[in-house]
Protein chains: 2
Amino acid sequence: MTTSRPRTRIQAKNHALILEAALDVFSSHGFRGATLDQIAERAGLSKPNLLYYFASKEAMHQALLARLLETWLDPLRAMNAGGDPVAEILAYVQRKLQLARDFPRESRLFANEMLQGAPRMMDAITGDLKALVDQKAKVLQAWMDQGRIARLNPVHLIFSIWALTQHYADFDVQVRGVLGEGHDPWAEAGEYLQTLFTRLLRPLP
Amino acid sequence: MTTSRPRTRIQAKNHALILEAALDVFSSHGFRGATLDQIAERAGLSKPNLLYYFASKEAMHQALLARLLETWLDPLRAMNAGGDPVAEILAYVQRKLQLARDFPRESRLFANEMLQGAPRMMDAITGDLKALVDQKAKVLQAWMDQGRIARLNPVHLIFSIWALTQHYADFDVQVRGVLGEGHDPWAEAGEYLQTLFTRLLRPLP
DNA sequence: CCCGTCCTTGACCAAACGGTCAATCCTTGA
DNA sequence: TCAAGGATTGACCGTTTGGTCAAGGACGGG
């Protein structure tokens, strides 16, 4: 069934089971590289059963992307124009980092989509995402004009937050490989990014 | 032929033609998502002809990764312990940014490999790459100990350079989509990163 | 307890996949 | 100019791919 949301308990369970498995596979192989057989095996269901709950491979991917976008935009939405500028931005950085740590597969799914040129997310990017960024960029710009944070390109400031936090999820293998044993990448990242943005944002005298 | 390097002019030409096409396809669909037919079409050669020059799809991918690693490590190698610390680091940032701008497909190929857990690059990461980073981290640490740049986690400083520069290549669609018309992402990125690292590195009084 | 609906799957399909091979075409050096 | 080796490809192979379908199993309200 392509129809909206699950109606029975079994539907709810298997719907979730499939999306969970699909996230695993899509996030590490991309859309084209993922196969229904892989997803079916990981979900513990037969392939035809998968297609009983989702109309197609495409539909599974779309369902994941739709769910993802909400989660992804929320922390930026939470950045409050009324709060203390530096504290608000630092809080956003840490929330985004936690998101990357707790949902690395979602982060990689998103990254895969971007690498492929966002064929299934273009609308969301130039629509909701751009609108939200434009709005928050204005908030940042106002803070800068008031001299409460350093003057920077506000949109690129947001880009740098995205880049620095997602990096730890998307390039996890590289981060761990280069750090070697006996490191907690996420804890170190939290500290490092705190320092970085504190220094970056402090207004010049 | 899998054998080392091309011997005839035709081999040299087609070898390059194939790798060029393969880079296109691998970088935007990942290894599993890429097909020989796609590569063949983009190279303007028949599929059997591809396999006359490369033993397998795997071999093409490996050839690309091998070539990539050299290009990728070079700018970091060029960071000179004898130079001015801030200037050296800023120069590295700009070199890396240029690399991302001029070779976005290579950047995406690398990103794809990382997202998949680096199944074909693990050795290089924990080997050459880690060794180089460890070495350069020591240089950075020495500069910090001398009070010539601000005190930061040196390895994460390197991570942040990678993250911020690669982001503009790997998430190009997002960057352009969010910025909208009338922007030069690379020029803006160059300026923004110059400012960011200048502020970040300036030693505290 | 029974029947309609929901759920599940083995068997199957056409297309696409990576790769092979024999036959042929082309280039080149003597 | 001509033979030998390099280059090219149509036809093909076995497997995997996304997706279908009919048939049967499980479940729940009456």
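So that the names make sense, note that chain A is the first sequence line, chain B the second, and so on, each numbered from 1. Quick caveat, the model's predicted, so the values are computed rather than measured.
Remark: Q98(B) CD is packed, more than 12 non-hydrogen atoms of other residues, nucleotides or ligands lying under 6.0 Å away. Within 6.0 Å of the CD atom in E191(B), the count of heavy atoms belonging to other residues, nucleotides or ligands does not exceed 12.
Of the nucleotides present, dT1(D) is the one that pairs with dA30(C) by Watson-Crick or G-U wobble criteria, both distances under 3.5 Å.
In this entry the distance linking CZ of F26(A) with C1' of dG18(D) reads 11 Å, nearest Å. Atom CG of N49(B) and atom C1' of dA11(D) are 16 Å apart (whole Å). Across the protein-nucleic acid pair, L45(A) atom CG and dC7(C) atom P stand 12 Å apart, rounded to whole Å. Atom NZ of K13(B) is separated from atom P of dC26(C) by 14 Å (rounded to the nearest Å). In this structure, CE of M60(A) is placed 14 Å from P of dT17(D), rounded to the nearest angstrom. Regarding Q38(A), its CD atom lies at a distance of 15 Å from the P atom of dG19(D), rounded to whole Å. For the pair I10(B) CD1 and dG5(D) P, the computed distance is 17 Å after rounding to whole Å. Rounding to whole angstrom units, CD1 of residue I18(B) and P of dA7(D) are separated by 11 Å.
Residue pairs satisfying the salt bridge (Lys or Arg N to Asp or Glu O under 4.0 Å) criterion with at least one member in residues 173-186 of chain B, sequence neighbours excluded, are listed as follows: D172(B)-R176(B).
Contact check, Q11(B) against dA7(D): a side-chain N or O comes under 4.0 Å of OP1 or OP2. Applying the 4.0 Å criterion to OP1 and OP2 of dT8(D), one finds that N14(B) has a side-chain N or O inside that range. The phosphate of dC7(C) (OP1 or OP2) has a side-chain N or O of Y52(A) nearer than 4.0 angstrom.
In terms of the ring pair (Phe, Tyr, Trp, His ring centres under 6.0 Å) criterion, residue partners of W162(A) (sequence neighbours excluded) are, by chain and number, F159(A).
In this structure a side-chain-to-backbone donor-acceptor pair under 3.5 Å is present from K136(A) to R77(A).
Salt-bridge check for D134(B) with K130(B): passed, with a basic side-chain N closer than 4.0 Å to an acidic carboxylate O.
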Nucleotides 18-20 of chain C: which of its N/O atoms have a protein N/O under 3.5 Å away?
| from | atom 1 | to | atom 2 | distance (Å) |
| --- | --- | --- | --- | --- |
| dG18(C) | OP1 | A34(B) | O | 3.1 |
| dG18(C) | OP1 | K57(B) | NZ | 3.1 |
| dG18(C) | OP2 | L36(B) | N | 2.8 |
| dG18(C) | N7 | K47(B) | NZ | 3.0 |
| dG19(C) | OP2 | K57(B) | N | 2.9 |

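The residue from Y53(A), Y52(A), F54(A) that alone fulfils the ring-ring contact (aromatic ring centres under 6.0 Å, His included) condition with H15(A) is F54(A).
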